[in-house]
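What follows is a single structure, written as structure tokens, with notes after it.
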Amino acid sequence: MRKLLLLLFFIPSLNFAQAKVDTIQVYSPSMKKSLKVAVTFPTSYQQGEKRYPTLYLLHGGTGSFSDWLTKVTEPGLVNRMAEEYDMIIVNPGVGPTSYYFDSPLLDSVQYETYITAELIPEIDKKYRTLDQKESRAITGLSMGGHGAITLSAKHPELFAVAGSMSGVMNIDTRMWEVGDALKNMRTENQKQMLGDIDYEFPFSTYTAVGLVDQIKANGIPLIIDCGTEDFLISTNRQMHQLLLANKTPHEYTERPGAHTWQYWTDALPVHMHFINKHLKR
């Protein structure tokens with residue numbers, strides 16, 4: 001039986017603003033399945049042997065590895081960011097409501113292990129990345145914002161800077177400004193993955209707000225933003241207040257907008273500017 005960590009297949013490359021996109025599959029030994037990943041790199045990548053900083057840009061709940069390439073309201077935005085910042089951008093695909101954590105109950109939901117111990121090493125092996133914490137960043141939208149904050153908190157040895165756009169800063173659906181049907185469905189999903197957890201303070205470490213002390217200890221630069229009309233605004237304000245209370249430096253912004261691709265299209269360049277300031281080349 002072949003033991004392959006990386007199964008590659010190339011589809012016709014998408015080209016926007018000259019940056020190239022590879023679509024690959026990465027095998028996860030922990031979950032025994034392959035997952036699609038989009039990797040965008042600038043034109044300069046083809047012109048020498050230079051190594052590049054890397055951004056892991058995560059999708060939201062019920063999303064896909066291709067969301068950031070196909071759903072933004074500015075076509076080719078990710079490609080333009082890779083070109084302008086001379087950076088490799090990685091868009092991994094994960095389970096639809098997996099929150100990027102390792103389930104203690106389901107072998108099929110081990111996405112913390114996948115991102116940190118399986119995907120990152122394979123990207124560093126396949127591409128000319130700067131394989132060091134100081135040159136690696138992570139951010140994402142909604143569920144991906146939760147993933148970026150929690151993964152960077154639990155693995156400070158891997159990331160130099162982290163961010164969240166409209167992130168699920170607390171998985172407690174009672175704080176979400178949505179209908180009961182969605183609240184109940186997501187709560188049941190969480191129960192299947194985590195069992196019965198306590199949503200009260202002190203918060204579970206399966207949710208971002210439960211990691212504020214680790215975040216402070218790590219000292220990783222953070223950028224967090226959310227739209228004022230977003231259904232997750234209360235969870236972001238809670239996270240902001242907890243970080244203020246324990247005196248963790250971070251950049252927090254609220255802007256007009258809802259849980260939409262227009263908001264995230266506007267937010268990504270802001271994150272790129274912040275992230276670029278903290279990466280070593």
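Keep in mind it's a predicted model, so treat the numbers as computed, not measured. Note that these values count all heavy atoms, side chains included, but never hydrogens, waters or copies made by symmetry.
Cluster membership check: W176 does not share its hydrophobic cluster with I233, using side-chain heavy-atom separations under 4.5 Å among Ile, Leu, Val, Met, Phe, Trp and Tyr. Residues M81 and I223 share a hydrophobic cluster, clusters being chains of Ile/Leu/Val/Met/Phe/Trp/Tyr side chains in contact below 4.5 Å. Under a hydrophobic clustering in which Ile, Leu, Val, Met, Phe, Trp and Tyr are joined whenever their side-chain heavy atoms come within less than 4.5 Å, directly or via other members, I149 and I275 fall into different clusters. Under the 4.5 Å side-chain heavy-atom criterion for ILVMFWY residues, a single connected hydrophobic cluster contains both L151 and M143. Residues L158 and V90 share a hydrophobic cluster, clusters being chains of Ile/Leu/Val/Met/Phe/Trp/Tyr side chains in contact below 4.5 Å.
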Just do the side chain to side chain contact (heavy atoms under 4.5 Å, CB included) check on K36 and V26 with the steps written out, would you?
-> CA-CA 6 Å; K36 289 185 177 181; V26 174; over 6 Å; no

Under the salt bridge (Lys or Arg N to Asp or Glu O under 4.0 Å) rule, what do E200 and R174 come out as? Steps first, then yes or no, please.
-> CA-CA 11 Å; E200 304 296 336; R174 294 173 299 179; 3.0 Å; yes

Given F159 and H155, is the ring-ring contact (aromatic ring centres under 6.0 Å, His included) satisfied, shown in steps?
-> CA-CA 7 Å; F159 304 103; H155 298 275; 7.8 Å; no

Step-by-step side chain to side chain contact (heavy atoms under 4.5 Å, CB included) determination, T129 to S135 | CA-CA 8 Å; T129 65; S135 304; over 6 Å; no

Take V270 and M165, measure what side chain to side chain contact (heavy atoms under 4.5 Å, CB included) needs, and give me the verdict at the end.
-> CA-CA 10 Å; V270 178; M165 313 170 209; over 6 Å; no

Quick one: do S142 and S166 satisfy side-chain hydrogen bond (donor to acceptor under 3.5 Å, both in side chains)? Show the steps, please.
-> CA-CA 5 Å; S142 193; S166 312; over 6 Å; no

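L69 and A38 make their closest contact through CD1-CB, 3.6 Å (heavy atoms, listed as atom of the first residue, atom of the second, distance). In terms of heavy-atom proximity, T40 sits nearest to A19 at CG2-CB, 4.0 Å. Of all heavy-atom pairs between G145 and S164, the closest is CA-OG, 3.4 Å.
One side chain, E254 or Y252, offers a donor N or O that lies under 3.5 Å from an acceptor on the other. A donor-acceptor pair shorter than 3.5 Å can be found between the side chains of D86 and S44. Using a 3.5 Å distance cut-off with no hydrogens or angles, the side chains of H146 and N170 do not pair a donor with an acceptor. Side-chain contact of S234 with E177: a donor-acceptor pair under 3.5 Å is present, judged by distance alone. When only modelled atom types and interatomic distance are considered, Q110 and S28 share no side-chain donor-acceptor pair under 3.5 Å. No side-chain donor from either of Y99 and E112 sits under 3.5 Å from a side-chain acceptor of the other.
Outside the 6.0 Å centre-distance limit, the rings of Y263 and H259 are not counted as a close aromatic pair.
Heavy-atom contacts from other residues, nucleotides or ligands closer than 6.0 Å to NZ of K50 number more than 12.
Sorted by first and then second residue, the ring pair (Phe, Tyr, Trp, His ring centres under 6.0 Å) pairs with a member in residues 203-223 read F101-Y206, F201-F203; sequence neighbours excluded.
Of the candidates W261, Y56, W264, W68 forms a ring-ring contact (aromatic ring centres under 6.0 Å, His included) with just one, namely W261. Across R136, K126, K125, a single residue satisfies salt bridge (charged side-chain N to carboxylate O under 4.0 Å, His left out) together with D131, and that is R136.
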Please report, to 0.1 Å, the donor-acceptor pairs under 3.5 Å made by any side chain of residues 209-221, with sequence neighbours excluded.
unit_1 : atom_1 : unit_2 : atom_2 : d
K216   : NZ     : N246   : O      : 2.9
N218   : ND2    : A153   : O      : 2.8
N218   : ND2    : Q214   : O      : 3.1

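Between the Q238 side chain and the M169 main chain, no donor and acceptor come within less than 3.5 Å of each other.
Contact check on E188 versus K183 returns no salt bridge, with no Lys/Arg side-chain nitrogen under 4.0 Å from an Asp/Glu carboxylate oxygen.
With Y52 as the aromatic partner, R128 does not meet the cation-pi criteria of under 6.0 angstrom to the ring centre and within 45 degrees of the ring axis.
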